[in-house]
Protein chains: 2
Amino acid sequence: MKPTATSSSFEDYVKVIYAYTEWQDKPITSSVLATRLGVANSSVSEMVRKLKDQGLVDHQPYSPIHLTPKGLSLALSMVRRHRLLETYLVNELGYTWDEVHDEAEQLEHAVSDHFIERMSAKLGHPFRDPHGDPIPDAQGQIAMVPSHRLDELDPGHVGRISRISDHDPELLRYFEQQGLGLDTELLVVGQLPFGAGWQVGLRTATHDAGPLTLGPDAAVSLWLASVGQHAGCCVQEPTGGTLMVPHMSGL
Amino acid sequence: MKPTATSSSFEDYVKVIYAYTEWQDKPITSSVLATRLGVANSSVSEMVRKLKDQGLVDHQPYSPIHLTPKGLSLALSMVRRHRLLETYLVNELGYTWDEVHDEAEQLEHAVSDHFIERMSAKLGHPFRDPHGDPIPDAQGQIAMVPSHRLDELDPGHVGRISRISDHDPELLRYFEQQGLGLDTELLVVGQLPFGAGWQVGLRTATHDAGPLTLGPDAAVSLWLASVGQHAGCCVQEPTGGTLMVPHMSGL
DNA sequence: TAGTTTATTTAGGTATACCGAAATTCTAAA
DNA sequence: TTTAGAATTTCGGTATACCTAAATAAACTA
């Protein structure tokens, strides 16, 4: 796949098209793309035609837009750039998480491949960013850890936190405060009645914090990679009584 | 001085205008500007009009171009960006000197002020880049070390190397090999006959290397900040006899 | 299924930053 | 001081990536 000379607009378009399908399957439509890019629908129609001319997308008029292998490859390289930059800014330049996005957005179009690889080396070639989003390697390969959103897991599952949505900064602070970080082990105890949230057992390297109640918004922000099923099934106690939190396997 | 929203083209234009007068006084002309930017003369005419509209330059038709205080301020901020970026790429990301220029050229337009200040902090707020070119501070102030090019100094002057031109990469390697770096102390012994170069006494932290002969190209690539006049005058020995190199003051 | 609403594309137009060619102004030599 | 040549500007034109408004296609709905 020869790297086409791509304008920074092309890069933004394929990146947004890719991002839409990263965590679900429905392909993106023209108007959603326009909204996400902050441009008019007509601009998207025109640009999608150009992207198609360059072989970056498949598109029939009035239909959703799909990336071609070439477009996917470009998108993955942009995702790699973005997430490595974010990781670098946080780890090496002391950025806070809410400061990195816009900066990375600019830089991802400006830095050379050489810069990206130096940065990756300095960081020890990480395969995920500080919130667990996967960083594709230079060939576009993603180290996928099969995982599920906490709200999709049944009681009894034991998992390691593999991704934390960075959507809500306040929630991010809450997780940190509760000792919930990447690779923290959780036991899914059960869902609270009336959609009030989830109850989980929690164990970190430093302490065995016992049961923890997470609101619905918090539960949909955490992804767990399965560590195994807990054998002795855990009884849900929605009334708030004391819960046995079984000892979980170490990492 | 309110920071105007400036396009990356404006930034390039003022940077080149400034660079032309950094080490001499003659103002830049339209065609020289065009050559340095790699654009047509007609493009310069048009852009200079726009720069004038923005209050960045003074210009009468058919005359050379001068920066206004506002233009100077923008130019200095671009120089700061460029030199901090080059320093950072070399010191923190293991770039070689010939790799940094193009990368910095791109990045200087893309990074935020915040990024620049984080970088500066990480580097310990340097006032010069690895070759001694001054890095303006965030207010545009330059820490000027009064210095002269080696070929402009008379025998007897003792100076610290304060700048090494990065024009010729080969020469750069030669200097390194000879132990000539920033802050190396030199005694100007004298000019060789027939413009064949200069002879200098040299002393580094590690060794007292004695007399050294530099070609004319090497001599115009080194700037010296005066450390003082050597009292006992040094006799020039163009025939190649042994030379007394007096002990020089420490840093 | 006809009609309305929504989604998408087309058509015409803007700003930026470039170009080559032609016209203008300056400079310097005869 | 006139004029050839060089430097500079003006003029018309290009590509990119936007825009609004109008036209068209698709999707509902009654």
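Just so it is clear, the structure is predicted and the values come from calculations on it, not from any experiment. Chain A is the first sequence line, chain B the second, and so forth, proteins listed ahead of strands; every chain is numbered from 1.
When distances run from any side-chain atom of A:Ser30 to the nucleotides D:dT9, C:dC19, C:dT8, the shortest one goes to C:dT8. In the set C:dG20, D:dA17, C:dT9, the nucleotide with an atom closest to the side chain of A:Pro61 is C:dT9. Listed candidates were C:dT8, D:dA17, C:dA17. Nearest to the side chain of A:Ser31 is C:dT8. Looking at the side chain of A:Thr29, the nearest of the listed nucleotides D:dT9, C:dC18, C:dT8 is C:dT8. Listed candidates were C:dG20, D:dC19, D:dT8. Nearest to the side chain of B:Asn41 is D:dT8. In this structure, the nucleotide among C:dC19, C:dT10, D:dT8 sitting nearest to the side chain of B:Ser43 is C:dC19.
Both tests hold for A:Arg163 against A:Trp23: distance to the six-membered ring centre under 6.0 Å, angle to the ring axis within 45°.
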| task | Could you please spell out the steps behind the ring pair (Phe, Tyr, Trp, His ring centres under 6.0 Å) verdict for B:His82 and B:His101? | result | CA-CA 8 Å; B:His82 188 89; B:His101 185 80; 4.9 Å; yes

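With the nearest nucleotide of DNA chain D identified for both B:Val32 and A:Met47, B:Val32 has the one nearer the 5' end.
Within the structure, a side-chain polar atom (N or O) of B:His59 is placed less than 4.0 Å from OP1 or OP2 of D:dT9. Contact annotation: A:Ser45 does not reach the phosphate of C:dT8 (side-chain N/O to OP1 or OP2, under 4.0 Å). Between B:Ser9 and C:dT16 there is no side-chain N or O to OP1 or OP2 distance below 4.0 Å. The side chain of B:Ser7 places an N or O atom within less than 4.0 Å of a non-bridging phosphate oxygen (OP1 or OP2) of C:dA17. Regarding contacts with the backbone of C:dA23, every side-chain N or O of B:Tyr62 stays at 4.0 angstrom or more from both OP1 and OP2.
Between the NZ atom of A:Lys50 and the P atom of C:dT9 there is a distance of 15 Å, rounded to whole Å. In this structure, the CG atom of B:Asp12 is 17 Å from the P atom of C:dT16, given to the nearest Å. One interatomic measurement links the two molecules: CD of B:Glu46 to C1' of C:dA22, which rounds to 16 Å at whole-angstrom precision. In this structure, CZ of B:Phe10 is placed 12 Å from C1' of C:dA15, rounded to the nearest angstrom. Rounding to whole angstrom units, CG of residue A:Leu33 and C1' of D:dC18 are separated by 14 Å. As rounded to whole Å, 12 Å separates atom C1' of C:dT16 from atom CZ of B:Arg49. Spacing between atom CD of B:Gln54 and atom C1' of C:dT16 amounts to 12 Å, rounded to whole angstrom units. Computed from coordinates, the A:Leu51 CG to C:dT9 P distance equals 12 Å when rounded to whole Å.
A salt bridge links A:Glu46 to A:Lys50: one of the charged nitrogens lies within less than 4.0 Å of a carboxylate oxygen. Salt-bridge formation is not detected for the pair B:Glu108/B:Arg83: no Lys NZ or Arg NE/NH1/NH2 atom is positioned less than 4.0 Å from an Asp or Glu carboxylate oxygen.
Put simply, the residue from A:Asp129, A:Leu89, A:Leu123 that forms a side chain to side chain contact (heavy atoms under 4.5 Å, CB included) with A:Leu84 is A:Leu123.
B:Trp97 places a side-chain heavy atom less than 4.5 Å from the side chain of B:Pro130.
Nucleic acid contact for A:Ala40: base, since at least one base atom lies under 4.0 Å from a heavy atom of the residue.
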